[in-house]
Number of protein chains: 2
Amino acid sequence: MVVNGHASTLDEVARLAGVSKATASRAINGRSKVSAKAQAAVLDAVRQLGYAPNGAARSLVTQRTGSVAVILPESDERVFSDPFFARMLHSVARSLRERNLQLVLLLAQPGDEDRLLLYLRGRYVDGAIVASHHRDDRLAEHLSDLGLPCVFIGAPWIGAERVPVVDSDNAGAAAAAARVLVDGGRRRIATIAGPRDMRAGHDRLVGWRQVLDAAGLDSSLVAYGDFTEHSGTTACAELLDAAGDIDGIFAASDLMALGAMRELEARSIRVPDDVAIVGYDDLGVAERTQPPLTTLRNPIDQMVTEAVRLLTESIDQGGRGAPRRVVFVPELVRRDTA
Amino acid sequence: MVVNGHASTLDEVARLAGVSKATASRAINGRSKVSAKAQAAVLDAVRQLGYAPNGAARSLVTQRTGSVAVILPESDERVFSDPFFARMLHSVARSLRERNLQLVLLLAQPGDEDRLLLYLRGRYVDGAIVASHHRDDRLAEHLSDLGLPCVFIGAPWIGAERVPVVDSDNAGAAAAAARVLVDGGRRRIATIAGPRDMRAGHDRLVGWRQVLDAAGLDSSLVAYGDFTEHSGTTACAELLDAAGDIDGIFAASDLMALGAMRELEARSIRVPDDVAIVGYDDLGVAERTQPPLTTLRNPIDQMVTEAVRLLTESIDQGGRGAPRRVVFVPELVRRDTA
DNA sequence: TTGAAAGCGTTACCAT
DNA sequence: ATGGTAACGCTTTCAA
């Protein structure tokens with residue numbers, strides 16, 4: 001394809017096609033009127049030379065790169081173990097494909113923020129979707145300062161009012177979960193909460209506590225995990241050791257619920273007979289637990305679709321537009337654990 | 001930071017600092033002689049304006065983007081469930097950071113090859129590392145045609161001779177695993193193999209078979225999985241149903257070994273007393289199984305370090321340089337399952 | 001419909 | 001050490 005190691009330029013294409021650079025450009029981008037003859041000649045030359053437009057040159061004039069970043073300010077361990085991210089990225093990739101945008105995944109490790117910011121300031125991407133981040137990261141402020149179109153999936157702790165946010169009602173959903181347990185007659189209801197420094201972790205804990213308090217039940221049976229299966233097992237053991245009479249558990253992720261169920265099984269505690277469980281996410285694991293898990297469906301696809309819509313809108317408007325906020329409500333999926 | 005929505009340019013920095021664009025550029029990039037006074041003035045202006053160089057403009061002249069792609073031609077389900085990728089990316093990120101390169105992750109879905117190629121041809125990245133790919137993808141040929149510096153981690157099926165490859169000796173390691181079982185006195189040795197259309201899957205099966213054949217043992221006890229835990233469980237059940245007298249299993253991934261152990265436990269078959277097991281990977285899971293898993297350590301860090309070294313070398317040489325091939329040998333890690 | 005030419009924002013060469 | 005200026009490869013006026 002490539003003639004001799006050096007990528008071909010529009011100039012060469014034009015020359016080979018016997019037209020000007022301008023016409024060649026028009027033929028390639030196909031927005032403008034070009035005679036059928038010129039069109040064919042150019043396309044032919046493109047094929048012969050294996051030509052592809054130089055991205056830098058094109059971006060320089062169009063102010064567009066045709067790519068969008070997904071930023072994950074998260075340890076790669078979690079990124080690559082939590083089904084949440086797999087589902088989210090899958091969904092993002094699909095949405096972007098429809099709009100002919102290239103997905104660029106940026107793993108934002110704690111220490112590496114400077115290079116990330118430099119990259120974004122360098123306008124290597126047209127916009128960014130930020131997902132799941134911790135209490136202390138100031139990405140929202142930075143992106144807002146930067147003027148780079150962005151959308152946050154899940155509200156950031158800091159600077160949430162300055163950026164568009166697509167969120168789900170974590171507290172409301174957790175409350176629904178707690179209500180399932182309370183209405184099911186459970187009285188010693190514990191929770192395996194997510195990390196305290198993450199919105200989802202925090203809000204789900206709050207929602208659970210509210211319902212328990214309102215029902216006059218003890219809301220002190222709390223153990224913390226990090227959304228992983230293993231942490232669910234540990235947390236469950238902790239809870240059981242502290243209070244042997246627990247009869248209901250709300251786990252802030254299905255993975256933690258699964259871990260908890262393993263611990264319960266190890267102790268020969270029956271689910272849901274002895275202990276009822278409600279999880280959170282419904283990304284596949286919940287259907288496959290034994291017995292199948294009652295859970296709240298995290299509306300990831302909806303959030304992503306909306307996020308991409310908002311982002312492209314913002315990109316098209318050149319980054320202007322007021323920071324909007326859209327919230328989706330997780331749906332209760334009743335199966336057999338509660 | 002940004003004055004008014006529009007990113008500032010070098011021109012503005014220069015004007016504010018009272019120097020020429022040339023000097024401003026030199027001060028910012030810091031390779032060339034600049035008076036301390038000018039240096040300070042420029043840096044100050046940069047800070048005041050929140051200036052960052054426009055990537056496109058810079059790339060256009062330097063022919064460098066400062067970023068490197070990691071291409072994963074793999075379903076996102078596997079990318080986000082197999083610890084192999086987590087470890088690899090972690091390692092890549094570390095190596096690139098040392099060299100001040102930005103990691104750009106490109107998920108190459110089957111249908112999406114065209115856009116990926118367009119992106120690469122557009123020179124949005126300086127080079128690419130390709131990891132784990134299937135029999136039918138022609139990425140190696142394409143990248144070789146393209147002239148983009150690249151390194152493959154794991155040999156591709158097609159075009160392996162045309163690109164630099166960093167690999168591990170899958171067949172040799174699998175042979176070592178089989179030998180552990182044979183030498184341990186096992187006579188009915190099965191394998192849970194990886195996907196037939198992946199090099200790692202194929203080669204590990206070959207290595208295992210070679211040793212069994214050489215020992216005069218039946219090498220037909222094969223079930224296929226896809227490296228996931230779940231597939232390991234299924235495959236193990238399959239094997240057990242087909243041959244009840246199995247006394248040794250080589251699983252082509254620790255995850256599949258774990259799945260197999262769950263099935264064995266469900267059937268009250270003891271490990272290693274009744275059935276010995278050897279896994280593959282040693283990325284954390286192996287230490288935590290019950291009992292701890294004997295396995296082969298996939299030399300991911302070594303492969304990645306070498307891959308990044310080769311890649312940056314190739315980038316510095318402008319993509320020239322003969323396609324090299326480096327192979328690392330996995331180490332046997334003996335624990336308690338065999 | 002087409003072509004010439006003016007940028008886009010940098011870096012790098014060449015004088016000074 | 002510094003400034004003017006020519007690239008880099010493309011898109012997009014503006015005339016023709």
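For the numbers below, each heavy atom of this structure counts, side chains included, while hydrogens, waters and symmetry mates do not. Below, chains carry the letters A, B, ... as their sequence lines are ordered, and counting in each starts from 1.
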Where the side chain of [X] is defined as all heavy atoms beyond and including C-beta, which of [options] is the nearest nucleotide?
X: A/K21; options: D/dC10, C/dT2, C/dG9; result: D/dC10
X: A/A22; options: D/dT2, C/dG3, C/dT1; result: C/dG3
X: A/N29; options: D/dT11, D/dA1, C/dT10; result: D/dT11
X: A/S25; options: D/dT11, D/dT2, C/dT10; result: D/dT11

Judged by each residue's nearest nucleotide on DNA chain C, which is more toward the 5′ side, B/R26 or A/S32?
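Final value for this comparison: A/S32.
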Within less than 4.0 Å of OP1 or OP2 of [N], is there a side-chain N or O belonging to [X]?
X: A/T9; N: D/dC8; value: no
X: A/T23; N: C/dG3; value: yes
X: B/T62; N: D/dC8; value: no

Starting at atom [atom1] of [X], determine the distance to atom [atom2] of [N], rounded to an integer number of angstrom.
X: A/L60; N: C/dA6; atom1: CG; atom2: C1'; value: 13 Å
X: B/R123; N: C/dT10; atom1: CZ; atom2: C1'; value: 19 Å
X: B/Q63; N: C/dA12; atom1: CD; atom2: C1'; value: 13 Å
X: A/K33; N: D/dT13; atom1: NZ; atom2: P; value: 14 Å
X: B/R64; N: D/dC8; atom1: CZ; atom2: C1'; value: 15 Å
X: B/Y124; N: D/dC10; atom1: OH; atom2: C1'; value: 11 Å
X: A/D11; N: D/dT11; atom1: CG; atom2: P; value: 12 Å
X: B/K37; N: D/dT2; atom1: NZ; atom2: C1'; value: 12 Å

Hey, which of these two, B/A36 or B/V61, hits DNA chain D nearer its 5' end, going by closest nucleotide?
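Taking each residue's closest nucleotide, the earlier one in sequence belongs to B/A36.
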Decide, yes or no, whether a salt bridge links [X] with [Y] under the criterion of side-chain N to carboxylate O below 4.0 Å.
X: A/E12; Y: A/R15; result: no
X: A/D301; Y: A/R87; result: yes
X: A/R138; Y: A/D145; result: no

Around A/R162, counting heavy atoms of other residues, nucleotides and ligands shown, do more than 12 lie under 6.0 Å from its CZ?
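Yes, the 6.0 Å shell around CZ holds more than 12 heavy atoms from other groups.
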Between A/S32 and A/R26, is any side-chain donor less than 3.5 angstrom from a side-chain acceptor?
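Looking only at side-chain atoms, A/R26 and A/S32 do not form any donor-acceptor pair under 3.5 Å.
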Look at all strands and tell whether A/A38 reaches a base, only sugar-phosphate, or nothing, counting heavy atoms closer than 4.0 Å.
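The answer is sugar-phosphate, as A/A38 gets under 4.0 Å only of primed atoms, P, OP1 or OP2.
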